[in-house]
Chemist: 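This structure is in structure tokens; I'll ask about it shortly.
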Number of protein chains: 2
Amino acid sequence: MMKSKKSYHHGDLRKTLLDAATMIIREGGVETLSIRKLADQVGVSRTAPYHHFKDKNELLCAIAEQGFLLQDQAVKKIPAQYPSLAPAALFEQYVLAYIRFANEQPETYDLMFGREIWKTGTPTDSLKVISKSSFRIWVEWIDELKEKNLFNQEEPTLRIAQASWAALHGLCRLFNDGIYVNRDDLEAIATTTVHMLIQTSE
Amino acid sequence: MMKSKKSYHHGDLRKTLLDAATMIIREGGVETLSIRKLADQVGVSRTAPYHHFKDKNELLCAIAEQGFLLQDQAVKKIPAQYPSLAPAALFEQYVLAYIRFANEQPETYDLMFGREIWKTGTPTDSLKVISKSSFRIWVEWIDELKEKNLFNQEEPTLRIAQASWAALHGLCRLFNDGIYVNRDDLEAIATTTVHMLIQTSE
DNA sequence: CAAGCAATCTTGACACTGTCAAAATAGAAT
DNA sequence: ATTCTATTTTGACAGTGTCAAGATTGCTTG
């Protein structure tokens, strides 16, 4: 149970690997993470990580999981933070918080929702669970706002949640990838999106 | 100028490479494309492609360019195809056409807007030009629809275009990646998105 | 306290990748 | 016919993920 760095058994390697890998990804993206470099940086042999993660894929999934937890946490505190805000304004804050996360840690966000895990790789069961529950938070939120007449009552809540999340997600990718826009316009576009999404009630 | 397959000089290698690479990506995604396998499949040595494309990156950009051209073409013919449709319904068709392209050729779409080129790699100048012009088509479309009162007049056209495209793009990724939804619900969610985006006028 | 067991870590190896440098080949221009 | 140039090839290097076999350690049981 020692954490001394000189012992043959590291004692805490799994967590150390996770943290170091998270850092590498945060700074340079998924493709700058190689198991070998990671092992080297942590001071362990190339194949040592394979006793804690079956795959590179599993490592990535574990990191993505932490990303989801972080994002959930950052977004969950919004209601308590703005207790006296009208539904529409609150929704905007919610959206901004979501986008801020994606903007502050773009590489983590890309990993969480990116091709590397979900298409090229294979999402872990536990990652699937966490991501679904993260989405459920969103659905519940939409449901509350729908009851306050922020959205069209005739559309099913799930559809609204999917559509609005997709809009949000597209927005994040928009300046995460920097294809059609520079990041400075972020807030402006986000606000426009919010205005377009919510009911233009009188 | 011969196209015989036995001559030392291939004569048409660039196009052959482009086509073969496009096929490989279409079937298995970017990460299944390796220069070596590609060269092998075309019947040429590993480094032959480097005399027609400086980089793997340049090859990918060239393929992405063709993707943009294809998409533009598929989407441009929509207005002529539905001459008597009301603006809102026409917009919906436009959206559906866009999504259909992303849905039918998900790997090409992912390449066109994906991280591989825009973040990990370096988009070619000519790719940048084509993608911008592709977006401009969208902006002009939005502008026309805005004049027909489909969107809030107070928002700048560019903002509406960015926001709506982002929503569309997010939608495409939503089932391209299969994170939060199964592809069967595609049309339903798309329709919901359209309804949310356009002005609930009367 | 000793022996054995299981967890952990290391070394070696393999197949694969992108790409550079130098040599070989063929067609075009002189 | 000879030179020049565009094209293609072979050889090489550094890097990757990961499997198999061996080494080392700490924990558990007798």
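Convention: sequence-line order gives letters A, B, ...; per-chain numbering from 1.
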Chemist: Look only at the side chain of A:Lys76 and the backbone of A:Ile137, and say whether a donor-acceptor pair between them is shorter than 3.5 Å.
Modeler: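 No.
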
Chemist: Can you measure from CG (B:Leu145) to OH (B:Tyr94) and round to the nearest 0.5 angstrom?
Modeler: 9.0 Å

Chemist: OP1 or OP2 of C:dC9 less than 4.0 angstrom from a side-chain nitrogen or oxygen of A:His52, does that happen here?
Modeler: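 So the side-chain polar atoms of A:His52 do come within 4.0 Å of the phosphate oxygens OP1 or OP2 of C:dC9, strictly under.
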
Chemist: With the criterion being N/O to N/O and under 3.5 Å, what pairs connect the protein with nucleotides 14-17 of chain C, and how long is each?
Modeler:
unit_1: C:dT17; atom_1: OP1; unit_2: B:Ser34; atom_2: OG; d: 2.9

Chemist: Could you check how far CD of B:Glu58 sits from P of C:dG18, rounded to whole Å?
Modeler: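 Nearest whole value for this atom pair: 15 Å.
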
Chemist: When rounded to the nearest 0.5 angstrom, what is the spacing between CG in A:Leu60 and CZ in A:Phe53?
Modeler: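 Taking CG in A:Leu60 and CZ in A:Phe53, the distance rounds to 10.0 Å.
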
Chemist: To the nearest 0.5 angstrom, please state how far the CH2 atom of B:Trp165 sits from the CG atom of A:Leu174.
Modeler: 5.5 Å

Chemist: Please give, in whole Å, the distance from C:dA21 P to B:His51 NE2?
Modeler: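 Result: 12 Å.
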
Chemist: Within this structure, what is the CG-to-P distance between A:Leu59 and D:dT18, rounded to whole angstrom?
Modeler: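 It works out to 10 Å between those atoms.
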
Chemist: With sequence neighbours excluded, tell me which residues meet side chain to side chain contact (heavy atoms under 4.5 Å, CB included) with A:Leu127.
Modeler: A:Cys61, A:Ala64, A:Glu65, A:Phe68, A:Ile117, A:Trp118, A:Pro123, A:Thr124

Chemist: Output the single nucleotide from D:dG11, C:dT11, D:dT7 whose closest atom is nearest the side chain of A:Arg46.
Modeler: C:dT11

Chemist: Please work out which of the three classes, parallel, tilted or perpendicular, describes the rings of A:Tyr98 and A:Tyr109, given edges at 30° and 60°.
Modeler: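 Judged by the thresholds at 30° and 60°, the geometry between A:Tyr109 and A:Tyr98 is perpendicular.
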
Chemist: Could you tell me the separation between the CZ atom of B:Phe53 and the P atom of D:dT7, rounded to a whole number of Å?
Modeler: 12 Å

Chemist: Please report the distance, rounded to the nearest Å, between CG in A:Leu60 and C1' in D:dT18.
Modeler: 15 Å

Chemist: Of all the choices, C:dT8, D:dT18, C:dT19, which nucleotide is nearest to the side chain of B:Tyr50 once you look at every atom?
Modeler: C:dT19

Chemist: Tell me: CG of B:Asp55 to C1' of C:dT19, nearest whole Å?
Modeler: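 In whole Å, C:dT19 C1' and B:Asp55 CG are 9 Å from each other.
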
Chemist: For the base of C:dT11, is there a side-chain donor-acceptor partner from A:Thr47 under 3.5 Å away?
Modeler: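 It does, because a donor-acceptor pair links the side chain of A:Thr47 to the base of C:dT11 below 3.5 Å.
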
Chemist: Which residues pass the ring pair (Phe, Tyr, Trp, His ring centres under 6.0 Å) test with B:Tyr50, not counting sequence neighbours?
Modeler: none

Chemist: B:Asp40 has an atom CG; how far is it from atom C1' of D:dT9, in whole Å?
Modeler: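 Distance check: B:Asp40 CG to D:dT9 C1' gives 14 Å.
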
